[in-house]
Amino acid sequence: MFSCRRVLRLRQVQLSQRGLNGSHGVHNDAKSVPKRGRVIFSGIQPTGIPHLGNYLGALSNWVKLQRNAAPDDELFFSIVGWHALTLPQNPEELSASRVNMLATLLAIGIDPKRSVVFYQDDNQCHTELAWILSCVTPIGKLRRMTTWKSRLADSRNAGSDSEVDESLLNAGLFTYPILQAADIMAYRATHVPVGEDQTQHLELSRELANIFNRTFAARKRFFPIPTQVYTPSRRILSLRDPTSKMSKSSPDVQSRILLTDSTSKIKSKIQASVTDSILGVTFDPVNRPGSSNLLTILAACTDESPEEVASRYEGKSHRELKADTADAVEELLKGPREDFERIRNEKGYLTEIAKQGAERAKERSSATLKEVRTMVGLS
């Protein structure tokens, strides 16, 4: 493992070679900095085996970002264990989930040679920067964050956000948007792929980058203002309650399809999914949420729009739709499922990938923190 001093020396050499020496980064105007590729950051919590909604909503987009990235783009994908601690966790289950999530990312096609894949909790730069940012974050901005209610509602399987109250809120959950900002800013990320439910948190990251730059960087853009990457994202609903998202916290295991589900499990879950008694198949998310959810899943598997898929099922039955959806999901997941089962048993390989990822992440973030400490007066 690189020592901290060696990491910083290596990073300074790299930055100097690219015309981005740390002192230049602080004192030069943004317009004088040579054009660089994008720095993309995203994270996912290690909360068990991912389900179909996770795969279609976020993870498959990571693979597309990697595939379509320019040669000088840098990609950082993190398994955010510290975020998982904002809600009660079984320590043994959390430890296993971290490993399973790493195996999942590799199984779906994230290449550790092209992208930096690492455990967030292996890199202390995140928490150090989060503390510095917390000291410049107005409490009013945190109070306007609303996602803590939805997270508590999901964890308690509540019907809506209104069923939870502040007595259930801990300090970590209240301030974790600052840690999210630190995750992004530690790598001076320029682009962040997030879903609509995380747009508010990205806005806070943008605000904190501006606050830091105005306060400590003589109004220069030391921290880039991260841009949200809008990627096609399918909102996959529960198979048993199509008025809510597919969730791992639901007590009904029939409500979700896991990456590890067998062919028979996939078919049985989709066959038992809730639809309606209306004849024919149409895409109408408001009035026919169950049927529309199956059309959305099938369309995601075939890379079409739900409306296009629905047009092929005029005059057909829900039985036919369910059978075709089950076949399409099995075809989509069978490769990643087989790779996951193989990779998660290769403990030495996973340990080495995590170690290499942490070293590369620390190399980049340590250079950022070195300059931050200087700017705030800690060195």
Side-chain angles (χ1 to χ4, degrees), residues 41-51 53-54 57-59 76-105 116-135 137 139 141-143 145-158 161 164-187 189 192 194-195 197-198 200-202 204-205 208 245 247-251 344 350-351 353-355 357-358 361-362 365 369:
F41 179 92
S42 194
I44 188 169
Q45 290 197 39
T47 52
I49 303 297
H51 57 63
N54 301 138
L59 297 180
F76 295 85
F77 296 129
S78 181
I79 299 167
V80 290
W82 279 317
H83 290 303
L85 295 178
T86 58
L87 293 174
Q89 301 288 338
N90 177 298
E92 292 183 359
E93 291 179 1
L94 178 58
S95 179
S97 292
R98 290 169 76 252
V99 177
N100 285 338
M101 184 57 73
L102 178 57
T104 296
L105 296 183
V116 181
V117 188
F118 66 103
Y119 295 127
Q120 173 204 39
D121 45 275
D122 277 348
N123 186 1
Q124 305 301 319
C125 290
H126 291 241
T127 49
E128 181 178 348
L129 182 56
W131 175 252
I132 293 172
L133 293 176
S134 72
C135 294
T137 302
I139 198 71
K141 292 188 182 297
L142 288 180
R143 290 194 180 280
M145 297 289 111
T146 59
T147 49
W148 68 265
K149 287 188 176 182
S150 61
R151 292 202 65 208
L152 282 176
D154 286 344
S155 70
R156 298 174 65 85
N157 200 37
D161 295 356
V164 299
D165 58 61
E166 286 199 17
S167 67
L168 303 171
L169 177 64
N170 62 56
L173 184 55
F174 184 62
T175 60
Y176 93 96
I178 300 176
L179 180 56
Q180 280 190 318
D183 294 339
I184 296 166
M185 294 165 65
Y187 304 94
V192 182
V194 294
D197 60 336
Q198 292 294 318
Q200 189 183 45
H201 287 178
L202 183 59
L204 179 66
S205 300
L208 293 184
K245 289 194 304 182
S247 171
K248 285 172 281 193
S249 61
S250 171
R344 74 169 172 178
L350 291 170
T351 298
I353 291 297
K355 177 183 176 182
K362 289 175 185 176
S365 58
L369 264 293

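Just so you know, residue 1 is the first one in the sequence shown, and it goes up from there. Predicted model, so just to flag it, every value in this text is computed and none were measured.
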For residues [X] and [Y], determine if any side-chain heavy atom of one lies less than 4.5 Å from a side-chain heavy atom of the other.
X      : Y      : result
Ser365 : Asn123 : yes
Leu173 : Asn170 : yes
Phe174 : Ile139 : yes
Pro46  : Leu94  : yes
Pro50  : Leu59  : yes
Glu128 : Leu369 : yes
Lys141 : Leu204 : yes

Separation between [atom1] of [X] and [atom2] of [Y], rounded to the nearest 0.5 Å:
X      : Y      : atom1 : atom2 : result
Ile79  : Ser97  : CD1   : OG    : 10.5 Å
Ile353 : Phe118 : CD1   : CZ    : 14.0 Å
Ile184 : Phe76  : CD1   : CZ    : 13.0 Å
His201 : Met145 : NE2   : CE    : 5.5 Å
Lys245 : Asn54  : NZ    : CG    : 9.0 Å
Asn100 : Thr104 : CG    : OG1   : 6.5 Å

Pair Tyr187, His126 - check ring pair (Phe, Tyr, Trp, His ring centres under 6.0 Å), show working. CA-CA 10 Å; Tyr187 304 94; His126 291 241; 5.4 Å; yes
Check [X] against [Y] and note the closest heavy-atom contact, atom names and distance.
X      : Y      : answer
Gly357 : Val116 : O-CG1, 3.5 Å
Asp122 : Ala358 : CB-CB, 3.9 Å
Phe41  : Ser78  : CZ-CB, 3.8 Å
Leu179 : Trp82  : CD2-CB, 3.8 Å
Ala354 : Leu102 : CB-CD2, 4.1 Å

Can any side-chain N or O of [X] pair as donor or acceptor with the backbone N or O of [Y] at less than 3.5 Å?
X      : Y      : value
Ser95  : Glu92  : no
Ser250 : Ser247 : no
Asp121 : Val80  : no
Gln89  : Ala84  : yes
Gln120 : Gly81  : yes

Please evaluate residues Leu129 and Met185 with respect to the criterion side chain to side chain contact (heavy atoms under 4.5 Å, CB included), reporting the C-alpha separation (whole Å), side-chain torsions for both, the decisive distance (0.1 Å), and the verdict. CA-CA 8 Å; Leu129 182 56; Met185 294 165 65; 4.0 Å; yes
Output, in order, the C-alpha distance, side-chain angles, deciding distance and verdict of side chain to side chain contact (heavy atoms under 4.5 Å, CB included) for Met101 and Thr47. CA-CA 8 Å; Met101 184 57 73; Thr47 52; 5.6 Å; no
